[in-house]
Amino acid sequence: MENLIITAAICGAEVTKQHNPNIPYTLEELAKEAELAYKEGASIIHLHVREDDGTPTQSKERFQEASTRIKEICPDVIILPSTGGAVGMSTQERLQSIYVKPTPEMATLDCGTMNFGGDEIFENTESMMEIFAKEMHELGIKPELECFDIGMINTVLRFKKKAIFQTPLHFNLVLGVRGGIDATLENLVYMMNSIPKGSTFSVTGIGQYEFPMAAAAIISGGHVRVGFEDNIYLSKGKLAKSNAELVRKAKRIAGELGRNVATPTEARQILGLEPK
Ligand code: KMH
Ligand code: ZN
């Protein structure tokens, strides 16, 4: 099996310091969290940015500052910015994260609209997805196809037929999101069996499901995503002090199950990215 790519999703757009005081907001906090996660073994940093007060933003300038700082400290890390942003942001607003320099190697592309509770809709129409896919293709950015449910994989397969997505595809199979597919082993196997042969995939379990889903991914030849964006606990009732703690736990589980952690260079080979 290929070595394990660990992605650290270091802050996301929803969790706050009230949930866990260690959630990074400022550029200094973000850079520190990225550095510690990278040194622990994460070869990809999935990046959202916040204003200093924690407000989520897709500001190009903020993404530029954060990316520049992270690259200064971890020159070979893969930065994977979010185009998901936060609920209610426009397509153009969400796209700002990919216009930083150097152009990101990867970025998220969310593959369907979701109910996030109440009147909250995380909007990803097919037209929006086509805009994201076209922009990323033109910039040479490899999309990480975020699928929270099986229907989103079906949309990707339809888009692949229309050659909107270039193969080999890379997926992030996300289980346990409110309104998405439940985080069970059966559902993960169903999703893994539904993606095209030759695809690579990472697995994200939300909250308490982060490490059970990570363990399943590790033994299935997939890759894992951990981090505060999706889970703030190191174990039941114990808040994680840093993203690095979550990366360390994923690395330990992988080691016990016989998988070594990929370096950023190996991650680029596995994902078909240009060597750096
Ligand atoms: N928070 C994840 C469940 C994105 O950033 O584009 C979804 C995510 C999507 O990470
Ligand atoms: Zn995200």
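We use all heavy atoms of the structure for the numbers below, so side chains are in, but hydrogens, waters and symmetry mates are not. Being a predicted model, the structure only gives us computed values, none of them experimental. Every number for a ligand or one of its atoms is a count from 1 in the order of the listing.
Defined by atom type and a distance below 3.5 Å, a donor-acceptor pair is present between the side-chain atoms of Thr55 and Asp53. The closest side-chain donor-acceptor pair between Asn172 and Thr204 falls under 3.5 angstrom.
In this structure a side-chain-to-backbone donor-acceptor pair under 3.5 Å is missing from Arg268 to Lys276. Asn115 contributes no side-chain N or O that, together with a main-chain N or O of Gly117, makes up a donor-acceptor pair within less than 3.5 Å.
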Nitrogen or oxygen contacts under 3.5 Å, ligand 1 side and protein side:
unit_1: ligand 1; atom_1: 1 (N); unit_2: Glu229; atom_2: OE2; d: 2.7
unit_1: ligand 1; atom_1: 1 (N); unit_2: Asp230; atom_2: OD1; d: 3.2
unit_1: ligand 1; atom_1: 5 (O); unit_2: His46; atom_2: NE2; d: 3.1
unit_1: ligand 1; atom_1: 5 (O); unit_2: His48; atom_2: NE2; d: 3.0
unit_1: ligand 1; atom_1: 5 (O); unit_2: Ser82; atom_2: OG; d: 2.7
unit_1: ligand 1; atom_1: 6 (O); unit_2: Ser82; atom_2: OG; d: 3.3
unit_1: ligand 1; atom_1: 6 (O); unit_2: Gly84; atom_2: N; d: 3.3
unit_1: ligand 1; atom_1: 6 (O); unit_2: Thr108; atom_2: OG1; d: 2.6
unit_1: ligand 1; atom_1: 6 (O); unit_2: Asp110; atom_2: OD1; d: 3.4
unit_1: ligand 1; atom_1: 6 (O); unit_2: Asp110; atom_2: OD2; d: 2.7
unit_1: ligand 1; atom_1: 10 (O); unit_2: His46; atom_2: NE2; d: 3.2
unit_1: ligand 1; atom_1: 10 (O); unit_2: Arg225; atom_2: NH1; d: 3.3
unit_1: ligand 1; atom_1: 10 (O); unit_2: Arg225; atom_2: NH2; d: 2.8
unit_1: ligand 1; atom_1: 10 (O); unit_2: Glu229; atom_2: OE2; d: 2.7

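With respect to the salt-bridge test (charged N to carboxylate O, under 4.0 angstrom), the residues Glu105 and Lys142 do not qualify. Taking the charged nitrogens against the carboxylate oxygens, Glu135 and Arg94 have no contact shorter than 4.0 Å, which rules out a salt bridge. By the 4.0 Å N-to-carboxylate-O rule, Glu28 lies close enough to Arg69 to be salt-bridged with it.
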Requested in this report: List the steps, then state whether salt bridge (charged side-chain N to carboxylate O under 4.0 Å, His left out) holds for Lys134 with Glu130.
Outcome: CA-CA 6 Å; Lys134 188 166 162 291; Glu130 288 199 36; over 6 Å; no
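Take a cut-off of 2.8 Å around the Zn ion (ligand 2): the protein N, O or S atoms inside it are His46 NE2, His48 NE2, Glu229 OE2.
Neither Leu47 nor Leu27 shares a network with the other; the hydrophobic side chains, linked directly or stepwise wherever heavy atoms of I, L, V, M, F, W or Y lie under 4.5 Å apart, form separate groups for each.
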